[in-house]
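The chain is numbered in sequence order, starting from 1. Being a predicted model, the structure only gives us computed values, none of them experimental. Values below: every heavy atom of this structure, side chains too, minus hydrogens, waters and symmetry copies.
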Amino acid sequence: MNKIWWKALTVILLIYIITGGLLFDVPRLDILNETIRALYFHVPMWFGMIIMLTISVVHSILYLRSSDEKHDIAAIEYANVGVVFGILGITTGMLWAQFTWGDWWSGDPKQNGAAIGLLIYFAYFILRGSFENQDQKARISAVYNIFAFAALIPLLFILPRLTDSLHPGNGGNPGFNAYDLDSKLRMIFYPAVIAWTLLGVWITTLRIRIKTISNSVL
């Protein structure tokens, strides 16, 4: 991941989606209107969160198998960036909800599930800070990380589909691609998913390098 090309691609894509997301034409949908532009930021950030947390839990599993410190460092740093993306995702979702549902927080199952999922990961960070022994910290937090990810998936993707929900794609409501994720939206939406994910990986690799250097100095 030391190649420069993917970092340049990340910058180019981010400039493109921010410019296009704010200025390009969008389809006129009932109620949504111009707020459909939030799709370029809210949903890709959740994609980025899921990808970062998936990579984090993979490194936790690898740590339990090998006890290699590099996997523990990668697990916590990918989780850190993933949760930041989650906070951005839930914030942009609240902003979107205010203009489409009439309230910042309506107690929608998708909103509640996302909030509970983030709280579970906040507990992961608190747990890591409660141990002084590095091996004990890494092993116990790796086990917790696996269970945290296993809890997050049903909270975000299963429970909202089983209950009444205003959120597209949940509670019997169609997702955007079912009725109007047209070519205008796809031109920015798909690059946005790639861009936010690459940005997350970029930030994480920098944090891993800093943490690795810091540990070697100590």
Side-chain angles (χ1 to χ4, degrees), residues 1-24 37-63 66 68-96 114 117-118 120-122 124-126 128-129 134 137-138 141-142 144-146 148-149 152-153 156-157 185-218:
M1 297 300 287
N2 293 325
K3 302 293 184 180
I4 194 67
W5 67 266
W6 69 272
K7 298 175 183 177
L9 176 64
T10 303
V11 173
I12 292 169
L13 286 176
L14 286 172
I15 293 173
Y16 169 71
I17 64 172
I18 291 173
T19 303
L22 297 177
L23 299 179
F24 289 4
R37 296 181 188 278
L39 180 73
Y40 304 137
F41 305 95
H42 170 63
V43 179
M45 285 175 182
W46 281 113
F47 270 96
M49 179 195 76
I50 294 298
I51 293 170
M52 297 300 107
L53 295 181
T54 300
I55 298 173
S56 173
V57 79
V58 169
H59 279 287
S60 287
I61 294 171
L62 291 174
Y63 176 80
S66 66
D68 191 334
E69 184 186 20
K70 71 179 183 181
H71 292 304
D72 178 56
I73 294 173
I76 182 60
E77 296 306 338
Y78 273 105
N80 277 327
V81 175
V83 168
V84 170
F85 272 40
I87 293 171
L88 292 173
I90 207 169
T91 301
T92 52
M94 290 171 61
L95 180 64
W96 200 358
L118 288 177
I120 290 173
Y121 272 92
F122 290 158
Y124 167 64
F125 302 137
I126 294 172
R128 285 189 64 90
Q134 181 60 37
K137 175 196 296 185
S141 61
Y144 182 93
N145 192 20
I146 295 170
F149 186 79
L152 181 69
I153 299 305
L156 291 182
F157 301 109
L185 295 176
R186 289 191 179 94
M187 283 178 58
I188 301 176
F189 176 75
Y190 292 141
V193 173
I194 297 171
W196 292 117
T197 300
L198 288 177
L199 179 63
V201 172
W202 189 355
I203 295 171
T204 306
T205 54
L206 289 175
R207 290 180 60 88
I208 290 173
R209 289 171 62 187
I210 292 170
K211 188 67 174 292
T212 302
I213 293 171
S214 176
N215 287 353
S216 64
V217 171
L218 294 176

Rounded distance [0.5 Å steps], CD1 in I51 versus CH2 in W196: 13.5 Å
Would the number of heavy atoms belonging to other residues, nucleotides or ligands and lying under 6.0 Å from CZ of F47 be above 12? no
Any Lys/Arg nitrogen of D72 or R128 sitting under 4.0 Å from an Asp/Glu carboxylate oxygen of the other? yes
Within-4.5 Å side-chain heavy-atom neighbours: V57 and Y78: no
With a 4.5 Å limit on heavy-atom distance, are the side chains of I120 and Y144 in contact? yes
Does anything in residues 9-19 pair up under side chain to side chain donor-acceptor pair (under 3.5 Å), and if so which pairs, sequence neighbours excluded? none
Here the pair of heavy atoms bringing I90 nearest to A114 is CD1-CB, 4.0 Å
Ignoring hydrogens, what is the shortest heavy-atom contact between A195 and L13? Give both atom names and the distance. CB-CB, 3.6 Å
Check: G89 main-chain N/O paired with H42 side-chain donor or acceptor under 3.5 Å: yes
Side-chain contact, heavy-atom cut-off 4.5 Å: Y40 with I17? no
Would the distance check show the side chain of N80 and the main-chain N or O of I76 forming a donor-acceptor pair, the cut-off being under 3.5 Å? yes
For the residue pair T54 and F149, what are the closest heavy atoms and their distance? OG1-CZ, 3.3 Å
Ring pair (Phe, Tyr, Trp, His ring centres under 6.0 Å) partners of Y63, counting only residues at least two apart: none
Got a donor-acceptor contact below 3.5 angstrom from the R207 side chain to the I73 backbone? no
What is the ring orientation for F122 with F125, classed by angle as parallel under 30°, tilted 30 to 60°, or perpendicular over 60°? tilted
Show your reasoning for whether side-chain contact (heavy atoms from CB on, under 4.5 Å) applies to Y121 and N145. CA-CA 8 Å; Y121 272 92; N145 192 20; 3.5 Å; yes
Under 3.5 Å, is there a donor-acceptor pair between the side chain of T205 and the main chain of V201? yes
Taking atom CD1 of I12 and atom CG of L198, what is their separation to the nearest 0.5 Å? 11.5 Å
For K137, is the NZ atom crowded, meaning more than 12 foreign heavy atoms sit under 6.0 Å from it? yes
Check the pair L152, I50 against side-chain contact (heavy atoms from CB on, under 4.5 Å), reporting the backbone distance first and the verdict last. CA-CA 9 Å; L152 181 69; I50 294 298; 4.2 Å; yes
When rounded to the nearest 0.5 angstrom, what distance separates CH2 in W46 from CZ in F85? 12.0 Å
Using only atom types and a distance under 3.5 Å, with no angle test, would you say the side chain of T92 pairs donor to acceptor with the backbone of L88? yes
Step-by-step side-chain contact (heavy atoms from CB on, under 4.5 Å) determination, T197 to M52: CA-CA 8 Å; T197 300; M52 297 300 107; 4.1 Å; yes
As an exercise, state the distance from CD of E77 to CD1 of I210, rounded to the nearest 0.5 Å. 8.5 Å
